[in-house]
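These figures come from a predicted structure and were not determined experimentally. A note on names: the letters A, B, ... follow the listed sequences, proteins ahead of strands, and every chain is numbered from 1.
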Amino acid sequence: MDFLSIKFFLFFFSSIVVIYLSPVRYRIRVAFPVLNAFFILTYINAPSQLWPLVVFLAAGFAGVRLVETWANRGIFLTALSVILITFVYLKKYTFISFAHFIQWPYLSVGLSYILFRMVQMLIDVYQKSIQERISPVSFFNFCCNFLTFVSGPIQRYQDYKIQEASLGQKALKDTEAFDCFVRMIHGLFKVVILSTMCLNYHKYLIVSLQGSIVNASSLWLCRKFILASSFYTLYLFFNFSGYMDIVISFGRLLGFQLPENFNRPFASRSFLELWSRWHITLADWFKFYVFNPFLSLLAFRWPNREAVPYLGVLAYFLTFFIMGLWHGSSWMFLIYGLFLGAGVSVNKLFDVLMRKYFSVSYNKMIDHSLSGLLGAAFTFMYFSMGLSCFWLDFNGLAQLMGKFKIQGFLVIFVLGGLIGAVVMFLMGLVRDVFDRALVKSAVLLGNFYFVRAWLSFELLMVIAFWFYGFGEIPDFVYKGF
Amino acid sequence: MDTKLGIKTRLNRVFREVFDDDSIEIFDEMTAKDIPEWDSLMHIILVVAVEKEFIVRLNAAQVGQLKNVGEMLDLLEKHNNR
């Protein structure tokens with residue numbers, strides 16, 4: 001089912017009706033799993049496409065049940081390995097291209113996020129953080145919750161269960177329901193208009209980049225690359241955060257409080273801070289289940305206080321390398337993982353050295369309007385350069401590498417960061433003027449009419465774009481991960 | 001078996017050792033914001049030191065979800081009562 005289709009919205013609104021009309025005792029045990037199953041079925045054309053997902057889920061459930069029954073380290077590690085190997089096989093990672101893959105097309109949407117849920121359950125069951133016996137229905141509902149199936153936000157089982165209990169239980173006030181619709185329309189506005197415009201401009205830049213890499217001047221290429229990578233980042237943000245706005249609003253209408261995934265990510269003044277603002281639930285998952293255990297292990301092994309910051313640098317690198325690798329199965333994502341790992345570990349190392357030799361932390365350094373602005377611009381540029389692994393293929397990257405060399409990419413980073421700082425400064429001024437105009441309009445019109453007028457404007461724009469579109473509206477980008 | 005006060009005294013000692021600051025006096029609502037050095041790295045070091053002092057093993061979910069010192073004390077008290 002396409003994200004931006006009438007079917008998608010019909011399904012979501014029907015699900016609200018089904019959940020609220022179904023008797024309480026059947027709501028979680030029957031209505032919700034049926035809706036989840038129906039949602040998944042809309043993605044397939046033949047039963048054979050479903051089997052890999054069924055096998056993956058069955059392997060996960062068997063693992064969880066075995067660890068529940070025998071909390072044995074060997075069984076836990078075996079179950080974890082089976083889940084990871086099945087995932088790598090089904091995602092057809094390039095580094096196992098020697099394997100004989102399933103030949104027919106099958107459903108791979110949602111697999112990456114199901115992996116997080118199954119691994120989290122397995123670890124928490126093994127460590128006794130989950131003490132209840134997980135039923136097959138609870139397992140299925142958690143792993144295949146239609147609200148979060150495609151790409152999160154990622155919830156822990158314990159948090160999910162609290163929300164599940166409130167499914168369809170809480171009657172929303174009029175104002176709460178209205179807020180949900182407002183956010184949904186904001187989300188649509190971001191996806192349909194802002195992300196489409198950014199993607200179209202990005203594509204236009206790509207077309208002019210293609211075929212010119214060898215002959216064009218370095219400065220021209222540099223300018224195009226900075227623009228193309230920046231607009232791809234903006235496209236990704238509007239697309240992903242818009243989708244989250246829609247899904248979180250639907251969740252609230254069902255009585256389901258989903259966690260937030262974004263918090264003004266481009267205000268991040270460091271690459272480390274970015275990961276507390278961008279795809280928050282993914283970063284939190286990795287912090288809980290990769291970074292913390294790995295650093296604990298290192299700190300147990302080398303308890304020297306002096307060594308701890310450097311062990312942290314190592315733990316950051318490994319965590320973000322794995323996180324980058326998770327995003328896709330080609331070699332480009334190996335590079336993306338290295339890029340992320342290098343970004344956070346260099347950021348942390350810089351902080352450690354500044355503390356050691358100048359007794360000042362990185363956060364203190366950027367706690368100033370100018371250094372904060374530069375920090376935000378360079379963070380944006382570094383992240384955008386890393387995201388080029390999403391839209392460049394290996395040959396394209398090799399060609400650019402041949403043209404720019406490492407020092408050329410450093411120039412792009414510095415130049416892009418400085419230009420970004422100027423743009424961010426100007427945008428800050430424009431935003432101030434815009435905000436003041438909005439407040440004035442709200443006072444003149446009255447808040448009630450102003451909100452509805454603004455909403456109508458957004459809705460009209462969405463309808464105009466959707467039906468009389470200016471180019472193809474992109475599907476939800478993270479569906480592919 | 002330690003009393004809650006006994007656990008708090010031992011935990012206070014761990015805090016002073018980890019953050020190398022003898023003036024630290026822990027309180028229930030105390031969070032990372034109250035100690036400038038308490039970042040995500042020091043949090044793990046603190047947890048490791050707590051595990052060694054109280055001879056307990058805290059799992060990933062417990063480590064990740066501690067919101068303040070009071071929650072850490074409650075958790076240690078639970079382990080102490082087992």
Donor on one side chain, acceptor on other, A:Gln120 and A:Gln158, under 3.5 Å: yes
Donor-acceptor pair between A:Glu273 and A:Tyr362 side chains, under 3.5 angstrom: no
Largest heavy-atom contact set with chain B, pairs under 4.5 Å, which of A:Arg156, A:Lys287, A:Arg355: A:Arg156
Salt bridge flag under 4.0 Å for residues B:Asp74 and B:Lys78: no
Within 45° cone and under 6.0 Å: B:Lys52 NZ/CZ vs A:Phe300 ring: yes
Note: B:Glu25-B:Arg16 ion pair, threshold 4.0 Å (strictly below): yes
Which portion of A:Lys364 sits near chain B, non-hydrogen atoms under 4.5 angstrom: neither
Best-contacting candidate, A:Leu295, A:Leu311, A:Leu298, against chain B by heavy atom pairs under 4.5 angstrom: A:Leu295
Portion of A:Asn292 that has a non-hydrogen atom of chain B nearer than 4.5 angstrom: both
Region of B:Ile45 in contact with chain A, defined by heavy-atom distances below 4.5 Å: side chain
Contact class of A:Tyr316 relative to chain B, heavy atoms under 4.5 angstrom: side chain
Criterion ring pair (Phe, Tyr, Trp, His ring centres under 6.0 Å) on A:Phe286 and A:Phe116, from CA distance to verdict: CA-CA 9 Å; A:Phe286 272 92; A:Phe116 288 129; 5.7 Å; yes
Contacting moiety of B:Asp39, where chain A heavy atoms sit under 4.5 Å: side chain
